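Everything quoted here is computed from the prediction, not taken from an experiment. Side chains included, hydrogens not; waters and symmetry mates left out as well; all remaining heavy atoms used. Sequence positions, counted from 1, serve as the residue numbers for this chain.
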Amino acid sequence: MQTSFIKISLLVCLCCDVIILRALADIGTAKAYPSPYLPTRCSGKDENQLPSDGYFAAVSEGLWDNGGACGRKYRVRCISGPSHPCKGEDIVVLVVDHCRGTSCPATMALSIKAFKVLSRFTNVQINIEFMQV
C-alpha cells in the first residue's frame with residue numbers, strides 16, 4: 001500500500017513540474033533564417049560555435065541582453081501559426097547571434113534545421129513558447 005502511495009505521489013509531482021514549467025515559459029514568435037550563419041555577433045567566424053545538431057538561434061533585442069544571450073539555451077515549442085504548422089515537438093536551441101538587419105522579424109530566428117522540427121512550413125512566422133534552460 002505504501003509503495004502505491006509513493007508511486008502515485010511521484011506521478012503527481014512529475015505532472016505538477018510540467019504544468020509549473022509551462023506556466024513559467026514566455027510567448028513570442030519565430031521565423032526560419034537561412035544560411036550563411038557566419039559570422040555571428042557572438043563568436044564571429046568560428047565554425048565551432050554552431051552546435052553539431054544544427055539547433056541554434058539568433059535572438060531579438062528583447063532577449064539579446066547586450067550580448068549576454070550568447071551561449072544561452074532555450075527550450076522552444078510551436079504553439080500556433082497559419083495553416084496549423086506545429087508538429088508538436090519541442091527542441092533546445094543555442095543562442096549564437098543577434099538578429100540581422102535593422103529590425104528582427106521575430107523574437108527568435110531559428111536555423112532552418114531547428115525550424116523544420118517545430119513547423120511543417122519554413123516560410124511562415126509561428127507563435128512559440130520558450131524558456132531558458
Side-chain angles (χ1 to χ4, degrees):
M1 179 116 170
Q2 188 175 8
T3 304
S4 295
F5 177 75
I6 292 172
K7 287 179 184 178
I8 291 171
S9 296
L10 287 173
L11 182 61
V12 168
C13 288
L14 288 173
C15 291
C16 289
D17 283 347
V18 170
I19 292 168
I20 290 169
L21 288 176
R22 293 285 187 219
L24 297 175
D26 288 310
I27 303 295
T29 56
K31 289 196 70 121
Y33 81 103
S35 62
Y37 298 117
L38 299 175
T40 69
R41 300 257 320 261
C42 291
S43 296
K45 295 181 181 180
D46 181 8
E47 291 182 17
N48 294 322
Q49 70 182 300
L50 303 179
S52 59
D53 63 10
Y55 300 160
F56 53 91
V59 295
S60 64
E61 192 61 38
L63 295 175
W64 180 239
D65 194 20
N66 290 321
C70 292
R72 287 183 187 156
K73 292 183 178 183
Y74 288 93
R75 180 168 302 283
V76 181
R77 181 175 74 98
C78 176
I79 55 175
S80 66
S83 301
H84 308 288
C86 301
K87 290 183 173 180
E89 303 290 325
D90 63 77
I91 58 169
V92 174
V93 295
L94 176 71
V95 175
V96 299
D97 206 354
H98 185 258
C99 285
R100 297 181 181 144
T102 57
S103 64
C104 190
T107 309
M108 291 184 184
L110 303 175
S111 66
I112 293 290
K113 188 171 183 181
F115 199 85
K116 284 182 176 180
V117 172
L118 301 176
S119 175
R120 295 182 302 134
F121 315 111
T122 57
N123 60 343
V124 299
Q125 180 169 295
I126 59 173
N127 298 309
I128 58 169
E129 178 180 76
F130 65 96
M131 180 177 61
Q132 188 175 344
V133 293

**Report entry** Test log, rule side-chain contact (heavy atoms from CB on, under 4.5 Å), inputs Leu50 and Tyr37
**Finding:** CA-CA 9 Å; Leu50 303 179; Tyr37 298 117; 4.2 Å; yes
Do any N or O atoms from the side chain of [X] and from the backbone of [Y] form a donor-acceptor pair under 3.5 angstrom?
| X | Y | answer |
| --- | --- | --- |
| Lys113 | Phe56 | no |
| Arg41 | Ala58 | no |
| Thr107 | Thr29 | yes |
| Ser80 | Asn127 | no |

Minimum-distance pair of heavy atoms, taken over all atoms of [X] and [Y]:
| X | Y | result |
| --- | --- | --- |
| Gln49 | Cys42 | OE1-CB, 4.1 Å |
| Ala106 | Gln125 | CB-OE1, 4.1 Å |
| Glu129 | Ala25 | CG-CB, 3.3 Å |

Query raised in the report: By the rule that ILVMFWY residues connect when side-chain heavy atoms come within less than 4.5 angstrom, directly or transitively, which residues belong alongside Tyr55?
Result: Val59, Leu63, Trp64, Tyr74, Val76, Ile91, Val93, Val95, Met108, Leu110, Phe115, Val117, Leu118, Phe121, Val124, Ile126, Ile128, Phe130
Query raised in the report: Ile27: which other cluster members, linking ILVMFWY side chains closer than 4.5 Å, directly or transitively?
Result: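 Under the 4.5 Å side-chain rule, Ile27 groups with Ile79.
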Report task. Keeping to residues at least two apart or across chains, list the salt bridge (Lys or Arg N to Asp or Glu O under 4.0 Å) pairs with something in residues 45-63. Result ->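 Every pair satisfying salt bridge (Lys or Arg N to Asp or Glu O under 4.0 Å) with a residue in residues 45-63: there are none.
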Query raised in the report: Could you give the distance from CZ (Arg75) to CZ (Arg77), rounded to the nearest 0.5 Å?
Result: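 One gets 11.0 Å once the value is rounded to the nearest 0.5 Å.
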**Report entry** Value rounded to 0.5 Å, distance of NE2 in His84 from SG in Cys78
**Finding:**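 If I round to the nearest 0.5 Å, the distance is 11.5 Å.
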